[in-house]
Amino acid sequence: MTSTAARRRPDVLDMYVYGKDHLGRSLNHIFGEGYNIQYLEDTHDLVQLLFPLPEVSRAVPNAPALYEPSYLYMTRDHILREKMLMALDGYLAFYGLMLERRRGAHQVRLRSNGLQGDRSVFYRWMKPDDHNHARITRIIRSLRIFGWQKEAHALYDGFTELNTRMHGGVQYRTLELWRHAAEDPLWRTPNGGVVEWFKKYGHDGIANNDWVLSDMPGARRLDPNLDNQWVDELNLEEEARQ
């Protein structure tokens with residue numbers, strides 16, 4: 001018999017909170033030893049789980065969307081939010097890129113990872129009407145929603161600059177969607193829609209306001225010693241009351 005907790009848990013949190021999604025996929029399985037780049041290209045129901053959004057996916061309409069209880073649950077926990085960066089690093093490797101963090105300067109920038117041997121890897125996304133454009137839009141917006149503002153803007157600046165320098169084929173409409181994802185209020189979708197419940201959290205959401213996060217029940221700061229460990233036991237009673 002399915003437990004009450006299992007019935008009420010939000011699908012968009014399965015990967016980060018419970019360690020696996022409904023198909024048994026985990027971050028370590030996808031991005032760990034034996035990492036398969038082609039799997040990311042061919043799998044279209046994964047990015048929605050790794051980078052949740054409060055609007056329904058146009059590409060995969062049956063994919064779960066982010067709702068307010070799930071948003072509050074994940075944004076108050078830095079350990080869970082840190083898991084998203086593992087997924088980000090995996091997708092960027094697929095695009096031939098990586099994030100470079102400069103200690104002390106609080107700067108994040110996107111650069112080539114130098115692992116692919118040539119620039120042809122960039123053309124996985126640097127071409128007209130490619131499905132990876134929507135993925136990049138989603139990743140930028142989801143990073144902002146969960147408090148990774150610097151990383152989101154580094155992606156936007158890096159992808160657009162690289163496309164310009166290499167005379168890439170990313171079209172103007174796509175570049176505008178990326179800009180909206182990076183700059184617009186988070187309650188507004190890149191396509192101009194509105195997420196009503198998100199309006200109360202302002203332009204940048206609660207994850208980008210430390211004073212709000214620290215006051216939330218159950219909030220905790222990231223412990224670097226737990227960076228590669230799953231959170232096995234979680235109290236969902238507060239979410240059940242939402």
Side-chain angles (χ1 to χ4, degrees), residues 12 15 21 23 25 27 30-31 35-66 84-100 108-146 148-184 186 188-193:
V12 291
M15 192 80 76
D21 71 355
L23 297 177
R25 299 175 296 191
L27 289 180
I30 298 166
F31 300 112
Y35 168 57
N36 185 349
I37 285 181
Q38 191 60 38
Y39 181 76
L40 295 185
E41 175 66 24
D42 297 338
T43 306
H44 301 284
D45 66 344
L46 183 62
V47 70
Q48 296 85 6
L49 296 175
L50 296 176
F51 300 97
L53 293 179
E55 58 267 22
V56 174
S57 168
R58 293 188 175 189
V60 186
N62 62 339
L66 178 69
M84 186 175 284
L85 297 185
M86 180 180 179
L88 175 62
D89 288 343
Y91 268 90
L92 289 181
F94 168 66
Y95 296 134
L97 299 164
M98 65 179 292
L99 282 178
E100 180 181 68
V108 182
R109 71 185 183 96
L110 197 64
R111 68 178 180 86
S112 169
N113 62 19
L115 300 178
Q116 305 296 329
D118 59 57
R119 292 186 172 187
S120 63
V121 65
F122 297 146
Y123 292 99
R124 288 179 178 147
W125 59 270
M126 199 183 296
K127 53 190 175 183
D129 298 319
D130 187 74
H131 67 98
N132 283 295
H133 298 168
R135 291 177 174 180
I136 294 169
T137 304
R138 168 178 284 272
I139 293 171
I140 292 172
R141 176 161 159 75
S142 186
L143 287 173
R144 286 186 62 209
I145 285 174
F146 290 102
W148 301 113
Q149 287 276 10
K150 292 177 182 176
E151 287 76 4
H153 286 102
L155 260 65
Y156 170 66
D157 292 341
F159 276 112
T160 52
E161 179 183 347
L162 190 58
N163 181 68
T164 299
R165 277 197 288 121
M166 295 184 64
H167 306 287
V170 180
Q171 296 169 309
Y172 174 78
R173 170 163 173 73
T174 295
L175 295 174
E176 281 294 285
L177 289 174
W178 290 354
R179 182 179 66 81
H180 288 307
E183 298 177 356
D184 283 2
L186 287 173
R188 181 179 298 149
T189 74
N191 287 300

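Treat the numbers as computed from the prediction; the structure is a model and nothing was measured.
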Participant: Carefully, step by step, assess Asp184 and Arg144 under the rule salt bridge (charged side-chain N to carboxylate O under 4.0 Å, His left out).
Facilitator: CA-CA 10 Å; Asp184 283 2; Arg144 286 186 62 209; over 6 Å; no
Participant: Is Tyr39 close to Arg25 at the side-chain level, that is, under 4.5 Å between some pair of heavy atoms?
Facilitator: yes
Participant: Please name the pair of heavy atoms, one in Arg138 and one in Ser57, separated by the smallest distance, quoted to 0.1 Å.
Facilitator: NH2-CB, 3.6 Å
Participant: Any donor and acceptor pair, going by atom type alone, linking the side chain of Thr164 with main-chain N or O of Thr160 inside 3.5 Å?
Facilitator: yes
Participant: Between atom CG of Leu92 and atom CE of Met98, what is the distance when rounded to the nearest 0.5 Å?
Facilitator: 9.0 Å
Participant: Can a donor-acceptor pair be found, under 3.5 Å and without considering hydrogens, that links the side chain of His133 to the backbone of Lys127?
Facilitator: yes
Participant: At their closest point, which heavy atom of Pro64 faces which heavy atom of Leu49, and how far apart are they?
Facilitator: CG-CD2, 3.6 Å
Participant: Is a donor on one side and an acceptor on the other found under 3.5 Å between the side chain of His153 and the backbone of Ala182?
Facilitator: yes
Participant: Going from CG on Leu99 to NZ on Lys150, what distance comes out if it is rounded to the nearest 0.5 angstrom?
Facilitator: 12.5 Å
Participant: Please determine whether side-chain contact (heavy atoms from CB on, under 4.5 Å) holds for the pair Asp89 and Phe31, giving the CA-CA distance in whole Å, both sets of side-chain angles, and the decisive distance to 0.1 Å.
Facilitator: CA-CA 9 Å; Asp89 288 343; Phe31 300 112; over 6 Å; no
Participant: Classify the ring geometry between Phe159 and Tyr95 as parallel (under 30°), tilted (30 to 60°) or perpendicular (over 60°).
Facilitator: perpendicular
Participant: Start with the C-alpha gap between His131 and Glu41, add the side-chain angles, then the distance that decides, and say whether side-chain contact (heavy atoms from CB on, under 4.5 Å) holds.
Facilitator: CA-CA 9 Å; His131 67 98; Glu41 175 66 24; 2.8 Å; yes
Participant: For the residue pair Glu55 and Asn191, confirm or rule out a side-chain donor-acceptor distance under 3.5 Å.
Facilitator: no
Participant: Taking the basic N atoms (NZ, or NE/NH1/NH2) and the acidic carboxylate oxygens, is any pair closer than 4.0 Å for Glu176 and Arg179?
Facilitator: yes
Participant: I would like to know whether Leu23 and Asp45 meet side-chain contact (heavy atoms from CB on, under 4.5 Å); could you show each step before the answer?
Facilitator: CA-CA 11 Å; Leu23 297 177; Asp45 66 344; 4.0 Å; yes
Participant: Return the minimal non-hydrogen interatomic distance between His44 and Asp42, and the atom names on each side.
Facilitator: CD2-O, 3.4 Å
Participant: Looking only at heavy atoms, which two atoms of Gly169 and Asn163 are closest? And how far apart?
Facilitator: N-OD1, 3.5 Å
Participant: If you define the side chain from C-beta out and look only at heavy atoms, does anything of Tyr91 sit under 4.5 Å from Ile136?
Facilitator: no
Participant: Can you tell me how far apart CG (Leu143) and CG (Leu85) are? Round to the nearest 0.5 Å.
Facilitator: 7.5 Å
Participant: Is the backbone of Leu186 close enough, under 3.5 Å, to the side chain of Arg141 for a donor and an acceptor to pair up by distance?
Facilitator: yes
Participant: Which is it for Phe94 and Trp125 under the ring pair (Phe, Tyr, Trp, His ring centres under 6.0 Å) test, yes or no, and what are the steps along the way?
Facilitator: CA-CA 10 Å; Phe94 168 66; Trp125 59 270; over 10 Å; no
Participant: Pair Leu155, Leu88 - check side-chain contact (heavy atoms from CB on, under 4.5 Å), show working.
Facilitator: CA-CA 10 Å; Leu155 260 65; Leu88 175 62; 3.9 Å; yes
Participant: If the test is side-chain contact (heavy atoms from CB on, under 4.5 Å), which one of Val47, Ile140, Leu50 qualifies with Arg135?
Facilitator: Val47
Participant: So, for Ser142 and Leu53, which heavy atoms are closest and what is the spacing to 0.1 Å?
Facilitator: N-CD2, 3.7 Å
Participant: Rounded to the nearest 0.5 Å, what separates atom CE in Met166 from atom CE in Met126?
Facilitator: 4.5 Å
Participant: Are Thr174 and Asp130 close enough that some pair of their side-chain heavy atoms sits under 4.5 Å apart?
Facilitator: no
Participant: Please find the pair of heavy atoms, one from His180 and one from Pro190, that lie closest to each other, and give the distance.
Facilitator: CD2-O, 3.6 Å
Participant: From Phe51 CZ over to Leu46 CG, what is the distance, rounded to the nearest 0.5 angstrom?
Facilitator: 9.0 Å
